[in-house]
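Please read all numbers here as calculations on a predicted model, not as lab measurements. Quick note on labels: first sequence line is chain A, next is B, and so on, each numbered from 1.
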Amino acid sequence: MSNSESSKLMSMSQAVRLHVSDGATVVIEGFTHLISFAAGHEIIRQKRRDLTLCRLTPDLVYEQMIAAGCARKLVFSWAGNPGAGPLYALRRAVEQGIPHPLELEEYSHFGMVVRFQAGAAKLPFLPLRTFSGSDLPRVNPAIREIECPYTGERLPTVPALNPDVAILHVQRADRFGNCQVWGLLGVQKEAAFASARVIVVAEEIVDEAVIRADPNRTLLPGFIVSAVVHEPWGCHPSFAQGFYDRDNDAYVAWREISQDAAKLNLWLDEWVYGVADRAEYVRKMGDRLTRLRAKEQLSAPVNYGY
Amino acid sequence: MSNSESSKLMSMSQAVRLHVSDGATVVIEGFTHLISFAAGHEIIRQKRRDLTLCRLTPDLVYEQMIAAGCARKLVFSWAGNPGAGPLYALRRAVEQGIPHPLELEEYSHFGMVVRFQAGAAKLPFLPLRTFSGSDLPRVNPAIREIECPYTGERLPTVPALNPDVAILHVQRADRFGNCQVWGLLGVQKEAAFASARVIVVAEEIVDEAVIRADPNRTLLPGFIVSAVVHEPWGCHPSFAQGFYDRDNDAYVAWREISQDAAKLNLWLDEWVYGVADRAEYVRKMGDRLTRLRAKEQLSAPVNYGY
Amino acid sequence: MATEEAPAAGFTPAELMVCAAARELCDGEVVFVGIGLPNLACNLARRLHAPNLVLIYESGAVGAVPERIPVSIGDPALVTNSIAIASMSEIFYNYLQGGKIDVGFLQGAQIDRFGNLNTTVIGDYDHPKVRLPGSGGACEIAIHAKRVLVIAPQTKKTFPAKIDFITSPGHLEGGDARKRHNFPGAGPQKVITDLALYDFGTGETAGEMTLASLHPGATLDRVRENLGWEPRIAATLQTTTPPTSEELRLLREELDPKGLYL
Amino acid sequence: MATEEAPAAGFTPAELMVCAAARELCDGEVVFVGIGLPNLACNLARRLHAPNLVLIYESGAVGAVPERIPVSIGDPALVTNSIAIASMSEIFYNYLQGGKIDVGFLQGAQIDRFGNLNTTVIGDYDHPKVRLPGSGGACEIAIHAKRVLVIAPQTKKTFPAKIDFITSPGHLEGGDARKRHNFPGAGPQKVITDLALYDFGTGETAGEMTLASLHPGATLDRVRENLGWEPRIAATLQTTTPPTSEELRLLREELDPKGLYL
């Protein structure tokens, strides 16, 4: 580990070029909250191929990457359009191999969470109580069992997941990668510690003093972060608590887009290939975003003095 | 679990009478921060016996309970007077059986942390990478090994620790037991989830709305809490970030007190048996406490709106 | 109790399902909530007989009090003014596996007579006819929640004689199967469809869906037409109490005014 | 570099030990800090050649910038203005076992020639002559930190031929013992006493304390008198660079003005 005083700030295009290579195992986490669509779109623009995409809920961001041909394999626990139906393009890949076949490695949420936790702790595995009685172990040989050295009972296990790179959106970060998140925490901390490299994407770049004024809110210390990208509205259509709401209309509209491969490609042409970067996407979205801006409900301060 | 709207507020004497019985396995956690001396002293006053005391750092609070004859066994990882030398009374118990023999079950900090974590998750054990090459497994048969079902390597394990009752001091709680902590977090959350009952001791009782205004600060939800005790200055001589500083003079002075069993008993007579409750202890301490009061250094608010 | 109030004139099957589910919840219980009808049922119960119901969402919101109907399991409205935000590791390890969850709601694309649920695949796993979303948290909820409530509209397709894949174990092959698997939770206790309410029997038929109550207007024939097997029927078959006007008012005016789910 | 500056006139052995330890730390490294001399060494390095040194305390303070000398490993001054507070589970599982710690400081009541440390007991474990505090986090720091620095005043009692208990493994019986145990960290690299500085050799003597540098004023005889075995001596024995006046000024005026540890 090394924490140099030099800034890690760079553009998303630079961060993806430096840290996301063809064939890499990539995790873009965020459970409905703080999903870096900005990173997913840049990976599509840079035409990364043969990626192993890991994430509890593949969601629209992975469906778009799969439809664009970036993915070879998907490691997941729930693949749907949250609250708005199936992911049709993902189903086309799995059911018909369009645009090409997609290998699946499937767990439950608990299983995926524990895989990241084992990865973060550099343990080869961890035990957990699920899967028993389910057909999941039958179709996933990575789900195994051990005997407890104390009680003798058999316990299911999952192997550690250690991606090459984790991409995490946060509400605020300083230029060294020290970053803070509030609201839903998902499995971001575990995914970051489990990964060889971490790209932090932030709504706001703040002074280090802002982070140090409330250390209990810190998600990651900068010394485990490889790159910091400033990307306001970088989660749209997902949300960032305190910044903007979930764009539910976009999730609902996606249903129709993803049903038709041609429609989906037109969408990619317009909203991904057709824009240079997230800033242009944001300008193009215009008022649609501004009406999602969060109302203010501030927390009370606490005293860190002694 | 049940979360009744009825208040769980009660006096420390009532909480100890209801939830700490002779022979119980008790954990008073807090790593240098938020140690409930108030609870320890009340347990001494109520003359509990044969307790199994669990805690990473026995510290003064457990030494006082051991010297008073409350403990049968100590489960721990570091037994010293932090920054001020040995715990002489604990040594008398171990080396000479004074006031009576004390059984030891010893781990490292990592081992104790993982024991609480396994207990919280209702797993019989968890693996961890420590103890190898150390003599600790030789003197503690509860430290065992398993073979990884993926790599085949041998990994040390520790058994779950599930105390009968956890006693935790927090900066603020509402009357239902929803509580918040900032500054050092130690292993309190894991200890609480691992225990059958939880007594929350709070510097401040606040309205439920204060907790709900900053849910990311919450340590425990009320529905896992059995009792709530309002005990300002309840951690002295340890500290509560934002409320009062550590009374280092008291830790240093303890060195001389604990060296002499007679002196220690006089101290217990004056500061534990000689006071009815914490409130009287606080009155008796007088200015000594007020000069420990924390200066103000407030965190900035964050926006929970959407 | 809501059931003592005046029954309403007209209501939809979905409204009845939500009301029937809400009545299964007791005050002070801790419920692992799903999106859609379960979410409506929990918030309805909270407004009526269970004001201290604790709503937990797998996204990490504990003690949520959503001011609007959540459109996803991670809606920001679940965070604002909640009691606690837990990491998903805490949710699954400490809350669910830790035995703190009283009730879990589950749904399924396929449900068999033992309450086993399939949300993974229709057809063969490796050559699926329809690829479904998968488990999410369902498998562990089915194992750990002290009891499970299943909500699903009743068709032969949804309730086949045999399901293609067991994503989340119910009572497996019935009887004491759950005991043999050392499952901490009791598994499915009720199945609520748009036609009827089922429990899971007792004695030698324990663990098998048993018709306990017909919804107003539903008939045994319609139940049979929409079930992949010949149903067991309780000794004393009840008629489900219809929604009260207060339940319907809350659902229509406050909980789902836009009719997203009703 | 500090070492290029003017050497100071008078200084205590403790001051020299702290300065020698500080010089072992590189800018940007992540250090697992202990109370006392290690804490002074880290904060001294941070004021001089290693401004970006990241101080982590097992209590959970990450990137601490204590404004006063911490009197305990969990001093509130370690929290205020730190970069992050981690639970102890995160500290041990994710930071230490996760391989994020470059340097760990350890002390010992007994230290053997292979850098194995005893902080548990003098005499027999079950019938102790002296019961010591125990491991704390030392055992796992010894295994996981990329390298370990040991600080201890040198006496025959502290450096016996054989220690009574191995709390924290150093190089065990020497050679490639750590490799055979699959220890992620390299183990003790330096031992800093009040008389000399030792490294752990190379080649066939690797893993055994080797006298690398004598402190100003110390002699080989005094080193031998205060060591429980005949020490290996480096081919080219150095003399330790004395503290500079700037190092001493920082220690005496800013870091430990009350002389708590010096």
Side-chain angles (χ1 to χ4, degrees), chain B residues 30-33 56-58 76-84 86-87 90-91 93-95 104 106-114 116-117 128-136 138-139 153-154 182-190 238-242 244-246 248 251-252 294 297, chain D residues 35-36 57-61 70-81 85-93 96-97 116 118-121 125-144 164-170 172 177-178 181-184 260:
Chain B
F31 192 83
T32 75
H33 184 213
L56 273 67
T57 56
F76 75 107
S77 45
W78 192 84
N81 179 347
L87 294 173
L90 190 148
R91 277 175 51 173
V94 176
E95 297 166 12
L104 296 185
E106 180 166 11
Y107 298 84
S108 66
H109 279 348
F110 193 9
M112 282 294 285
V113 167
V114 172
F116 281 120
Q117 193 162 343
L128 71 170
R129 294 187 198 272
T130 188
F131 300 128
S132 175
S134 165
D135 284 331
L136 280 166
R138 185 168 58 72
V139 297
E153 72 188 295
R154 310 285 303 173
W182 56 95
L184 299 176
L185 303 173
V187 71
Q188 279 99 310
K189 188 180 285 186
E190 293 82 357
S238 82
F239 70 102
Q241 195 89 32
Y244 45 90
D245 195 357
R246 185 170 187 266
N248 195 55
Y251 280 87
V252 173
Q297 174 159 344
Chain D
I35 286 308
Y57 294 77
E58 66 186 9
S59 56
V71 288
S72 109
I73 198 122
D75 194 290
L78 300 173
V79 168
T80 313
N81 295 319
I85 300 301
S87 74
M88 290 184 81
S89 170
E90 291 165 23
I91 286 289
F92 286 108
Y93 260 143
L96 186 55
Q97 185 172 288
N116 301 307
N118 175 16
T119 54
T120 301
V121 66
Y125 184 82
D126 295 311
H127 308 88
K129 209 173 299 146
V130 183
R131 173 64 223 200
L132 304 167
S135 165
C139 181
E140 35 271 5
I141 293 169
I143 288 170
H144 290 283
D164 297 349
F165 191 95
I166 297 182
T167 309
S168 310
L172 296 165
R178 289 186 67 95
H181 280 261
N182 292 312
F183 288 155
L260 282 177

Treating [X] as the side-chain partner and [Y] as the backbone partner, does any N or O pair qualify as donor plus acceptor under 3.5 Å?
X: B/Glu190; Y: D/Ser89; answer: no
X: B/Gln241; Y: D/Val79; answer: no
X: B/Asp135; Y: D/Phe165; answer: no
X: D/Glu140; Y: B/Thr130; answer: no
X: B/Thr32; Y: D/Gly74; answer: yes
X: B/Ser134; Y: D/Thr167; answer: yes

Select one option (side chain, backbone, both, neither) describing which atoms of [X] are under 4.5 Å from chain D's heavy atoms.
X: B/Leu56; result: side chain
X: B/Phe116; result: neither
X: B/Leu87; result: neither
X: B/Arg138; result: side chain
X: B/Phe239; result: side chain
X: B/Val252; result: neither

Notebook entry, point to check: Going through the checks in order, is the side chain to side chain contact (heavy atoms under 4.5 Å, CB included) test met by D/Asn182 and B/Glu153?
Noted result: CA-CA 10 Å; D/Asn182 292 312; B/Glu153 72 188 295; 5.7 Å; no

Restricting to non-hydrogen atoms, name the atom on [X] and the atom on [Y] that form the minimum distance, rounded to 0.1 Å.
X: D/Ile166; Y: B/Gly133; result: CG2-O, 3.5 Å
X: B/Phe131; Y: D/Cys139; result: N-SG, 3.5 Å
X: D/His181; Y: B/Ser132; result: ND1-OG, 3.0 Å
X: D/Arg131; Y: B/Arg91; result: O-CD, 3.4 Å

Side chain / backbone / both / neither for [X] at chain B, heavy atoms under 4.5 Å:
X: D/Asp75; value: backbone
X: D/Tyr93; value: both
X: D/His144; value: side chain
X: D/Thr80; value: both

Item checked: Partners passing ring-ring contact (aromatic ring centres under 6.0 Å, His included) against B/Tyr107 (at least two apart in sequence or in another chain) ->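 Partners of B/Tyr107 by the ring-ring contact (aromatic ring centres under 6.0 Å, His included) criterion come out as none, since no residue qualifies.
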
Item checked: From CA spacing to verdict: side chain to side chain contact (heavy atoms under 4.5 Å, CB included), D/Met88, B/Leu184 -> CA-CA 9 Å; D/Met88 290 184 81; B/Leu184 299 176; over 6 Å; no

Next item on the list: Among the options B/Leu128, B/Leu136, B/Val139, pick out the one with the most heavy-atom pairs lying under 4.5 Å from chain D.
Entry: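 Going by pairs under 4.5 Å, I would pick B/Val139.
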
Could you check whether any side-chain heavy atom of [X] comes within less than 4.5 Å of a side-chain heavy atom of [Y], counting everything from C-beta outward?
X: D/Pro76; Y: B/Asp245; result: yes
X: B/Glu106; Y: D/Tyr125; result: yes
X: B/Val187; Y: D/Ser87; result: no
X: B/Arg129; Y: D/Ile143; result: no

Once you round to the nearest 0.5 Å, how far does [atom1] of [X] lie from [atom2] of [Y]?
X: B/His109; Y: D/Ile141; atom1: NE2; atom2: CD1; answer: 8.5 Å
X: B/Glu95; Y: D/Lys129; atom1: CD; atom2: NZ; answer: 11.0 Å
X: B/Trp78; Y: D/Thr120; atom1: CH2; atom2: OG1; answer: 12.5 Å
X: B/Asn248; Y: D/Leu260; atom1: CG; atom2: CG; answer: 7.5 Å
X: B/Gln297; Y: D/Asn81; atom1: CD; atom2: CG; answer: 4.5 Å

Next item on the list: Evaluate side chain to side chain contact (heavy atoms under 4.5 Å, CB included) for B/His33 paired with D/Ser59, printing each intermediate quantity in order.
Entry: CA-CA 9 Å; B/His33 184 213; D/Ser59 56; over 6 Å; no

Next item on the list: Kindly write out the residues that satisfy side-chain contact (heavy atoms from CB on, under 4.5 Å) with B/Leu185, not counting sequence neighbours, or none if the list is empty.
Entry: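 side-chain contact (heavy atoms from CB on, under 4.5 Å) check on B/Leu185 returns A/Asn216, B/Val181, D/Ile85.
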
